[in-house]
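Residue numbers start from 1 in every chain, and the chains themselves are labelled A, B, ... in the order their sequence lines are given, proteins ahead of strands. Reckoned from all heavy atoms, side chains included, excluding hydrogens, waters and symmetry mates.
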Amino acid sequence: MTRSRKALAAVLGAAAVLAGISFANAAGLLVSGGSVGVVTGAHPCAGTASAVTVNSQGGSDYRGVVLALPPGCETKLVQLHVDRPNTTTDRDGSGTTDAAGVVSIRLNGTFRTTAANIFSATVDGWELPIAWNATLMPPIWCTVLDSSTETCTATVTIFTGIKPGGGTVATYYDVVVTTTSTSNVQWEVGFYLDHTYYGSRATRLGNSTLDAYNDGTTAWNGTTNGVTRQSACAAIPVLLVRGNNTGGGNNFQSVLNSRPRQFSLVVNRTEAGYFDVISPTCV
Amino acid sequence: MTRPSADRPPNPMRRRLAAVALGLVGVVGLGLASASQLAVSSGSLGVGTAMVASCQGAAPVTVSFTSAFSTGAYRATEVKLSNVAAACNGLSYRLQLTGAGGVAVGADIAGTVSLTAGVLTVPIPSTTVTSIRGVAAVIRS
């Protein structure tokens, strides 16, 4: 074979190899000459969701879980399953995350967070790992206790100053609870006291309704406490409170679309009566 | 060794070599261009959704699953591609679930795009959601 024929053979060989490689790339994408599109999809919010038990039913039994998902999972369907190997009945529930990526799920029965129970979750059908912490929790959230379909919303505003009827400057967590429900639903508000919104974790929180003032809006009753702590002291920095069962037909423990509920917790006051929700010894 | 004179006619073999080289450039260029037009970067594989399609335009497609808890695990039985453009309706698709490291999970699935309110629903064999890390699909004419 002459030198030039050898060169031609080499070029042809290289052409065959390179052409094969380049088309193999395209073939790997399942592409043919008529291809018009490639779609790739991945988890909308890769990471681990924070989970907090809510709606205690007494003892170690709970009925609900609040999940805070990583960014990217706002307004997504979340499914939760509790596999209870020691019983014949598992628990299930689902809900849709809000604009902050938080969802409160009421399960179809009570459960415990014991090691034997296995919790599984999905978001939009993708696997959702969960951890029992409040890392991703917002400063405040709301859970409906007696419905798996209705929701409620809680907002908190920090006020520092002198309230009507008060005589000294104090800091308050002013909370408003709302719902779109057209029938009364029982509410439970959760606080993540280590959230940066609060600056630092409160060591004392008390119903400011013990103050002399009662404006009928920001406090429930002049001398009756508005809320009672539901969570264990050990759960702090998570704090769960419920409206008290007072008011008869206009019961403070329930909220209606036309009847928001408001309460106010005074922060870090040492005077007697102003740390009935939490105190350094968590009374 | 004698050097070729300037007025010497070109060597036919050189002409062939030149032609082959040009052809090589063209073939490789076409192949690589084909791949590059359809290429999805590793970044887009890792986060969110990417779509390169003349029928779709730049609108993002959302991928979700229909899943339910069964025999000890959540299992997916459908893939849903949402916000698919109407222009893709009636075209062919192929879809592949991927797991950790981009490894294929199960066989690829072929069908015709049939949209309901912009959603393409693709039934898949029951697959544990923990094994699914991504979805790759091609819509083609």
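- Of the atoms belonging to B/T66, not a single heavy atom falls under 4.5 Å from chain A.
- Between A/V185 and A/V255 the shortest side-chain heavy-atom distance falls below 4.5 Å.
- Aromatic pair A/W132/A/F119: ring centres closer than 6.0 Å.
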* Check the pair B/V105, B/T127 against side-chain contact (heavy atoms from CB on, under 4.5 Å), reporting the backbone distance first and the verdict last. => CA-CA 9 Å; B/V105 175; B/T127 307; 4.0 Å; yes
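- Per-residue heavy-atom pair counts under 4.5 Å with chain B were compared for A/T122, A/D83, A/L77, and the maximum is reached by A/T122.
- With respect to the salt-bridge test (charged N to carboxylate O, under 4.0 angstrom), the residues A/D90 and A/R84 do not qualify.
- When the candidates A/G72, A/S94, A/S120 are compared by the number of heavy-atom contacts under 4.5 Å with chain B, A/S120 comes out ahead.
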